[in-house]
Amino acid sequence: MIEDDLRAAFARHEPLAPPTGPVRAAIARLVAVRRRRQRRLRAGGAALALLALLGVGIPQFTPDRVAEDATLLTEPGRRAPAGALNVLLLGVDSRGDQVPPLADSVLLVHIPADRGRPFLVSLPRDLEVAIPGHGRDKLNAAAAYGARVDGGFDLARGYELTRRTVTDLTGVRVDAGAVLTYPVLRQLTDLLSGVEVCLPQRVRSSHTDRVFPAGCQHLDGRAAVDLLRQRMRLPDGGFDRDRNAQRFADGLIRRAGEQGVLRDPVRLSRIVAEIGPDLSVAATGGSLLDLLQVVPELASVEPVGLNLPVAESTKGGHWVLRPDPEAAPAFLAALREDRLAQWTAQHPERVTRLR
């Protein structure tokens, strides 16, 4: 009886119900949009996390937070930071507790406000600069001055003094940063089963006598670190080393994309957790999740390599490197005003050929 009454009630109200076709179609459209958004955020967040290990550092990126943050890449309602962003990477050759660390490479990553493509701006380590509280010295000395503490060295403090020095030099705000050591890059390269690096010229290692031929080649972690350390036998010395670091970063990103790491936050989390003990990160900006929201907006994660225009001169009979008085002011103005895309279009000869 009860079943018959229910059937009769449904029959009386059925004409009042709206047609299900349009409702189902609307739900399907919403699901499709949400899935596309989630795929973009997962891929973008993983890409930025990988770039952090390459030198595009992000604040508050510590091993105990990686797994949690990776699961929150699709969290709705978070807003990506607006405007241009600048991230400072220090590539440090840490030589033990008794020897102050020197920054072999200083890289400023500029992410434009229009989210076109990131720019990797290499600042020569031998550039003479004003170091707050320490007079004038080479840029790489800022890490050593700042890192000194009783009984040893603190890489985070070395980063902080270098950040202040770079800010004074360039006039741009640094939003985030990281300190990377050679063990980090070696481990990361091996976890990806090697990286392809394309060199415009032959390189012979002054450390191992290994020969890196001109052209594209597949390098494991040991070989990659060997290449990144080279400058003595290169025609342009430290300038060529900076360019090779940009080429390595390009190859590492491509390799990660081929293996699907950029689309797999879980795998990326495991990689970060494995190399975490060697990763030193300086928290200078907003939250990790905020910066992760930027990557899906980028037209491309493939960077543009640039070097600060410099000129050689002498001071007291000694060779010094200073910003080029003719080219550097316009370059730094373009950096401060977020016009590097226009500047590189006008000066294509100053763009590093990555492949």
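Scope of the values below: all heavy atoms of this structure, side chains included, with no hydrogens, waters or symmetry mates. Just so it is clear, the model here is predicted, and its values are computed rather than measured.
- Connection of L139 to V320 is not established within any shared hydrophobic cluster, with ILVMFWY side chains joined at heavy-atom distances below 4.5 Å, either directly or through further cluster members.
- In this structure a side-chain-to-backbone donor-acceptor pair under 3.5 Å is missing from D104 to G91.
- A donor-acceptor pair under 3.5 Å is absent between the side-chain atoms of R233 and the main chain of V203, judged by distance alone.
- When every heavy atom of S122 is checked against every heavy atom of Q246, the shortest pair comes out as OG-NE2, 2.7 Å.
- Of the possible donor and acceptor atoms, none in the side chain of R163 sits under 3.5 Å from a partner among the backbone N and O of D175.
- Only one option out of L108, L332, V166 pairs with V172 in a side chain to side chain contact (heavy atoms under 4.5 Å, CB included); it is L108.
- Checked by atom type and distance alone, the side chain of E326 never pairs as donor or acceptor with a backbone atom of D324 at under 3.5 Å.
- Remark: the backbone N or O of R241 is not paired with any side-chain donor or acceptor of Q230 at under 3.5 angstrom.
- Taking the six-membered ring for Trp and thresholds of 30 and 60 degrees, F119 and H110 have ring planes inclined between 30 and 60 degrees apart.
- A salt bridge (charged side-chain N to carboxylate O under 4.0 Å, His left out) check over residues 197-208, counting only residues at least two apart or in different chains, returns the pairs R204-D209.
- Under the side chain to side chain donor-acceptor pair (under 3.5 Å) criterion, R243 pairs with D240, sequence neighbours left out.
- Just one of N244, D126, L234, V310 meets the side chain to side chain contact (heavy atoms under 4.5 Å, CB included) condition when paired with F239; it is V310.
- At distances below 3.5 Å, not a single donor-acceptor pair connects side-chain atoms of R350 with backbone N or O atoms of T344.
- For the pair D220 (side chain) and G194 (backbone), a donor-acceptor distance under 3.5 Å is absent.
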